[in-house]
Novice: 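Structure in structure tokens, see below.
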Amino acid sequence: MFVILQYFDGYGYHGTSFEQTYRCYPASFIEKPQLESGDKIIMPPSALDRLASLHIDYPMLFELRNDAAERVSHCGVLEFIAEEGMIYMPYWMMENMLLQEGDIVRVKNVTLPKGTYVKLQPHTKDFLDISNPKAILETTLRNFSCLTVGDSIMVAYNKKKYYIDIIESKPSNAISIIETDCEVDFAPPLDYKEPERPVAHVPLNKATAQVEEAPAETEPKFNPFTGAGRRLDGKPLKYEPAPASLSGSKDKKPVVANGTAPPSTGSSSQTGNRQAQGKLVFGANARRIPKETPKKEATKDAKQEQQPEKKDDPKFQPFTGKKYSLRG
């Protein structure tokens, strides 16, 4: 009995749990290339004997720990045919744990919860160019027994290797994916770059039009009917027309919200005087002729203008010459 206990103590078997240190080597040393497509390792037969005597959960899951680099991962087991004191594991797993050939790794049996969610991030966007990446990933994960946050798994497809990071998992950082429905989400690839937004270029025609509009606004506006007024009969005017500067300022009326401008008192008084004198007014104020002006006032003003004209002209007096007699 003493010899048996010493045997198990020498390999690190303690109590009801399995924990042992081994030297690790890649799968190529044992000619098992199928190991590279999953996360399972090959252990020695002595490990199987110890595990069979323990009350452990199946399928068997293990924690791999590299104490020198403080890296941790999880895996399953494929066979128990390795030499004593040695294990064989996928090379991509050795890279994750920063292990070299012959390095010491600690193996411990664990129980992991079934995963419900995992988020993956491809290293390159070439993986998304596959016709059906979801189907390829489902086929590859059938060879995996568990996933650990921080690991990078390898997916082989069409003679090409794609590496994918495990960046999130639920309900814990290490989950079992055997016989479980797990939701899978993808993060943008590591080499993905967001497309740059195109800068809106102004066409040359619009740019030149905007440049030409600026000096056009500074040009003086055309003001109609700003010359001097003259009567048809040649007589002088009794009022002088407003200068061009005033007429230009009249056009600039205050604008109200509904687009109409209030009438000014100065313009209304001038229009009233002109219309009272019976003159014909051209321009914007010509339409504002009051309908209530009686016609009699216009005729009286016309008569008053004609009366002084008759006094100035000498009247024709017939038969005002000298008298002559035919008889002599």
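These numbers were taken from a predicted model, which means no experiment stands behind them.
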Novice: Can you tell me which residue among D151, T148, I153 is in a side-chain contact (heavy atoms from CB on, under 4.5 Å) with N96?
Specialist: D151

Novice: Quick one: CG on L48 to CZ on R50, what's the gap to the nearest 0.5 Å?
Specialist: 12.5 Å

Novice: Of all heavy-atom pairs between V105 and C24, which one has the smallest distance, and what is that distance?
Specialist: CG1-CB, 4.0 Å

Novice: How are the rings of W92 and F144 set to each other: parallel, tilted or perpendicular (split at 30° and 60°)?
Specialist: tilted

Novice: Look only at the side chain of N173 and the backbone of V149, and say whether a donor-acceptor pair between them is shorter than 3.5 Å.
Specialist: no

Novice: Can you check whether I177's main-chain N or O pairs, donor with acceptor, with T180's side chain at less than 3.5 Å?
Specialist: no

Novice: Check whether any side-chain heavy atom of M93 lies under 4.5 Å from a side-chain heavy atom of C75, and answer yes or no.
Specialist: yes

Novice: Looking at every heavy atom in both R71 and M97, which two are closest together, and how far apart are they?
Specialist: O-CE, 3.7 Å

Novice: Provide the closest heavy-atom pair for L35 versus K40 in the form atom of the first, atom of the second, distance.
Specialist: CD2-O, 3.4 Å

Novice: Testing the basics here: between V110 and F62, what is the closest heavy-atom pair and its distance to 0.1 Å?
Specialist: CG2-C, 4.0 Å

Novice: Do Y88 and E83 have a side chain donor and acceptor closer than 3.5 Å?
Specialist: yes

Novice: If hydrophobic clusters are built from ILVMFWY residues whose side chains come within less than 4.5 Å, do V155 and I130 share one?
Specialist: yes

Novice: Rounded to the nearest 0.5 Å, what separation is found between the CG atom of L78 and the CD1 atom of I42?
Specialist: 5.5 Å

Novice: Is any side-chain heavy atom of K119 closer than 4.5 Å to a side-chain heavy atom of Q121?
Specialist: no

Novice: Assess the side chains of D191 and H123: does a donor N or O sit below 3.5 Å from an acceptor N or O?
Specialist: no

Novice: Can you give me the closest heavy-atom contact between N143 and S37, atom names plus distance?
Specialist: CB-O, 3.2 Å

Novice: Are the side chain of N66 and the backbone N or O of L99 linked by a donor-acceptor pair below 3.5 Å?
Specialist: no

Novice: Any chance CG of D129 has more than 12 other-residue heavy atoms, nucleotides or ligands included, within less than 6.0 Å?
Specialist: yes

Novice: Side chains of D67 and R106, heavy atoms from C-beta outward: is any pair under 4.5 Å?
Specialist: yes

Novice: Indicate yes or no: at least one non-hydrogen side-chain atom of I175 is less than 4.5 angstrom from one of L112.
Specialist: no

